[in-house]
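Only one structure is covered here, and it is reproduced in the block below.
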Amino acid sequence: GSPDSVKDEL
Amino acid sequence: MNIFRLAGDMTHLMSVLVLLLKIHTIKSCAGISLKTQELYALVFATRYLDIFTDFISVYNTIMKLIFLGSSFSIVWYMRRHKLVRRSYDKEQDTFRHFFLVLPCLLLALVMNEKFTFKEVMWAFSLYLEAVAILPQLVLLQRTKNIDNLTGQYVFLLGAYRAFYIFNWIYRYFTEPHYVHWITWISGLVQTLLYADFFYYYFNSWKNNVKLHLPA
């Protein structure tokens with residue numbers, strides 16, 4: 001997981 | 001994507017689609033708060049500002065489009081459809097959007113990950129989602145009556161909240177960089193409000209059963 005993975009949620 | 005996240009997304013999707021399909025089929029929205037539905041439409045509109053700028057996955061884009069389309073369709077039905085809007089409890093649904101939108105906007109201006117328009121709107125959408133159920137809760141307490149439509153809708157939303165919390169716990173332990181206070185705290189507040197909603201739901205359900213028992 002990268003820090004960018006955070007906003008992959010709905 | 002873990003199983004909790006998928007289950008959360010699916011129950012969230014079902015809650016919105018079940019509501020839309022039922023309103024479309026039975027041409028009634030009795031017991032549903034238009035204020036809450038308008039707030040959810042605003043939540044999706046402000047959270048998915050990245051829909052055309054940041055591509056994450058086909059799944060992500062399609063889900064965002066469905067949430068935007070279905071939430072705005074529900075609002076359209078309740079405001080514009082000549083049969084549906086007649087069933088709307090307008091006199092009871094008096095909660096002011098303003099009282100929720102303004103504090104959430106102020107909080108988003110102060111508490112955000114980065115002070116940019118998109119990030120402030122993203123934080124705003126999370127704060128607003130946490131409290132958007134309140135007008136529905138007020139309507140429920142006033143009418144003291146929950147039919148199957150409202151019951152199923154709330155049950156699915158509650159399941160979505162629970163699954164997302166499991167998803168965050170899972171991701172926290174499996175993804176090293178996954179720390180996200182704004183999402184977690186607003187998500188927790190939202191789940192607590194649902195617990196309150198469930199309390200009223202089961203109470204009302206219990207009372208209705210008692211009322212129907214033969215003397």
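In what follows, chains carry the letters A, B, and so on, assigned in the order in which the sequence lines appear, proteins first and then strands, with residues in each chain numbered from 1. Side-chain atoms are counted along with the backbone in the values below, which use heavy atoms only and exclude waters and symmetry mates.
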[atom1] ([X]) with more than 12 external heavy atoms under 6.0 Å:
{"X": "B/F115", "atom1": "CZ", "value": "no"}
{"X": "B/F99", "atom1": "CZ", "value": "no"}
{"X": "B/M63", "atom1": "CE", "value": "yes"}
{"X": "B/L65", "atom1": "CG", "value": "yes"}
{"X": "B/M14", "atom1": "CE", "value": "no"}

query = Which of these passes side-chain contact (heavy atoms from CB on, under 4.5 Å) with A/E9: B/H180, B/R47, B/R171?
reply =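 Going through the options one by one, the only one that passes is B/R171.
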
Which bit of [X] is near chain A, if near means a heavy-atom gap under 4.5 Å: side chain, backbone, both or neither?
{"X": "B/N167", "result": "side chain"}
{"X": "B/N60", "result": "both"}
{"X": "B/E119", "result": "side chain"}

task = Tell me, with the steps shown, if B/F44 and A/L10 meet side chain to side chain contact (heavy atoms under 4.5 Å, CB included).
result = CA-CA 9 Å; B/F44 291 131; A/L10 301 157; over 6 Å; no

inquiry  = Do B/K118 and A/K7 have side chains that approach each other closer than 4.5 Å (heavy atoms only, starting at C-beta)?
reply    =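 No. Closest side-chain heavy atoms not under 4.5 Å.
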
